[in-house]
Amino acid sequence: MSFHLDTSSLLRQPNRHRSADPAAPQRPQKVVIVGAGFGGLAVARALGNSVIDVTVIDRRNHNLFQPLLYQVATAALSPADISEPIRRSLGRYRNIKVVLAEVTGVDTAARTVLVDHGVPIPYDRLVIATGSEYNYFGHDEWRAIAPGLKTIHEARQIRHRLLLAFERAELSQDPEEKKALLTSVIIGGGPTGVEMAGAIAELGRFMITRDFRRLSPEHFRVLLLEAGPRILAAFPEDLTDYATRSLAGLGVEVMTGRRVESITAGSVIVGGETIRTANVIWGAGVKASPAARWFGIEGKAGGRIPIDPDLRITGLPDVFALGDTALGLGEDGKPLPALAQVAKQQGQYLGHALRQELLEGKKPAPFRFHNRGNTAVIGRNAAIFDFGRWRLKGYVAWLLWALVHVYLLVNFEKRILVTVQWIWRYLTRQRGARLIDENATAYRATREEGA
């Protein structure tokens, strides 16, 4: 006895690729997803194990939990703790293929995605989930000196520079050089900047107290620079004030209303003042990926692609965009924030919407964002949480922040690994990932050029 599933009966919506002969077998609909971040993975999983042919394209072979990337940069976690190969994440879905490639463009007339190697990839529906990158506001030459926190490579680069600076300071006989080596400047007072500043302050205090005999706290300095009037501008002012006081308690110098004028390999100039430093970290704003140019669209609000309420790119009914690269509006008419929770909710919505559209011929209801709260961690036992109508700060907020971030990790294995390491670090204050890459020549060369 045999069983045959006739997929053509499921694909009710007509499209231009179907045969004119109703008796001819119909091919599965093709959905191509560009980007395997929060949004892209959510779309793929919602389409998993269906008769839809799904292809996920990404220039990296792994997904990454970016909210915890600063802990890789400050030696609290290893890269493998917060990342996973895309093929492993989607391996259980037999209808999903993964392609490691760089997208170079989209031919909307031919309905194909162009990649840097291989043949163009055809689609019936295309999803753009390419995220964002740091905005250096016309000073891209600063990128090599002041890396941001978007990739594992950048996090490891920051970690290497931090740890190597301590080693060099230990050997230095010049007090001014020691101070420069142990001065870290974080540019941008958003959540990433605040989290980095707090984590570096805790790391430096611990290492000077426990591991380095020739260094003293007076050599160590962490500065957080913000061009606006206050840090964490997206949060209510009372939470911002708490964060500022908490950072001060950790020894972080918060400077607001200070715009960076120049960055070199050994210094930062801000407000006419030259600050000697070995470590500069950028967190002063993001812009959407350059995906808008693939469609000849002028991006808005940081290069983001305008989208309709059902996440379709305006004027392109077969193409969707979500996450940081898309300019979606909330019910209040304001742009949705570039947050992981927005991308994930949009991805889950779009995956189910495409199932309904392609398999049942149904038009989905518009996307609605449900705010789960905005959070930032300042340091040990200190965090803030804004839920709109009510707010949390201090230890309870820190504990909730930890629980939420563990829950959002990609799988059970990562949750266990990170939880165990956090508990151990909380009890001992030890940092388990304090390894300096032997191939640190790029950093040494940069320092020598600025000497």
Side-chain angles (χ1 to χ4, degrees), residues 33-35 37-43 66-67 126-138 148-150 188-194 226-237 239-240 282-317 319-351 353 364-376 384-389 391 408:
I33 303 167
V34 182
F38 285 105
L41 281 182
V43 177
Q66 285 189 1
L126 175 61
V127 179
I128 304 298
T130 46
S132 59
E133 58 189 33
Y134 275 105
N135 188 354
Y136 286 82
F137 304 103
L149 266 177
K150 284 290 184 182
T192 298
V194 167
E226 168 56 43
R230 63 187 178 98
I231 61 173
L232 299 172
F235 288 81
E237 196 164 349
L239 295 183
T240 294
W282 188 267
V286 297
K287 61 181 179 180
S289 72
R293 69 187 182 197
W294 298 340
F295 307 97
I297 296 173
E298 183 178 352
K300 299 180 180 179
R304 301 171 78 178
I305 301 173
I307 56 174
D308 297 333
D310 61 358
L311 308 189
R312 295 177 199 269
I313 295 179
T314 304
L316 296 172
V319 186
F320 302 79
L322 52 79
D324 294 3
T325 199
L327 181 61
L329 303 180
E331 293 181 334
D332 57 1
K334 297 180 180 179
L336 293 173
L339 298 174
Q341 61 171 313
V342 175
K344 190 168 184 176
Q345 287 185 37
Q346 287 178 329
Q348 292 169 339
Y349 159 86
L350 184 55
F367 170 74
R368 293 182 60 186
F369 171 60
H370 301 282
N371 189 359
R372 310 299 186 195
N374 197 10
T375 183
I384 56 176
F385 233 115
D386 176 26
F387 294 95
R389 295 184 179 180
R391 304 158 189 170
L408 291 175

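Note that the structure is predicted; figures quoted are calculated from it, not measured. All residue numbers refer to positions in the sequence shown, counting from 1.
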Rounded to the nearest 0.5 Å, how far apart are [atom1] of [X] and [atom2] of [Y]?
X      : Y      : atom1 : atom2 : value
Ile307 : Leu322 : CD1   : CG    : 7.5 Å
Asn371 : Arg389 : CG    : CZ    : 12.0 Å
Arg368 : Tyr349 : CZ    : OH    : 12.0 Å
Thr325 : Glu133 : OG1   : CD    : 9.5 Å
Leu336 : Leu327 : CG    : CG    : 8.5 Å
Leu239 : Leu232 : CG    : CG    : 9.0 Å

Which of these, Asp310, Asp308, Thr314, sits in a side chain to side chain donor-acceptor pair (under 3.5 Å) with Arg312?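 The single option meeting the side chain to side chain donor-acceptor pair (under 3.5 Å) with Arg312 is Asp310.
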Given side chains that start at C-beta, do those of [X] and [Y] come closer than 4.5 Å, heavy atoms only?
X      : Y      : answer
Val127 : Leu350 : yes
Phe369 : Gln346 : no
Ile297 : Pro306 : yes

Check [X] against [Y] and note the closest heavy-atom contact, atom names and distance.
X      : Y      : result
Val194 : Gly189 : CG2-O, 3.9 Å
Ile313 : Ala321 : CG1-CB, 3.9 Å
Gly323 : Ala343 : CA-CB, 3.8 Å
Pro191 : Phe235 : CG-CE1, 4.2 Å

Worked verdict on Ser132 versus Lys150 for side-chain contact (heavy atoms from CB on, under 4.5 Å): CA-CA 8 Å; Ser132 59; Lys150 284 290 184 182; 3.0 Å; yes
Can you label the angle between the Trp282 ring and the Tyr136 ring as parallel, tilted or perpendicular, going by 30° and 60°?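 Trp282 vs Tyr136 ring planes: parallel.
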For Gly373, does its backbone N or O pair with a side-chain atom of Gln341 as donor and acceptor, under 3.5 Å?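 Here the side-chain-to-backbone pair exists.
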Would you check if the side chain of Gln345 reaches a backbone N or O of His370 as a donor-acceptor pair within less than 3.5 Å?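 Flag set: sc Gln345 to bb His370 pair under 3.5 Å.
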Quick one, Leu149 with Tyr134, criterion side-chain contact (heavy atoms from CB on, under 4.5 Å). Give me CA distance, side-chain angles, the key distance, then yes/no. CA-CA 8 Å; Leu149 266 177; Tyr134 275 105; 4.2 Å; yes
Please report the C-alpha distance between Leu126 and Trp294 in whole Å, then the side-chain angles of each, then the deciding distance to 0.1 Å, and finally whether the side-chain contact (heavy atoms from CB on, under 4.5 Å) criterion is met. CA-CA 12 Å; Leu126 175 61; Trp294 298 340; over 6 Å; no
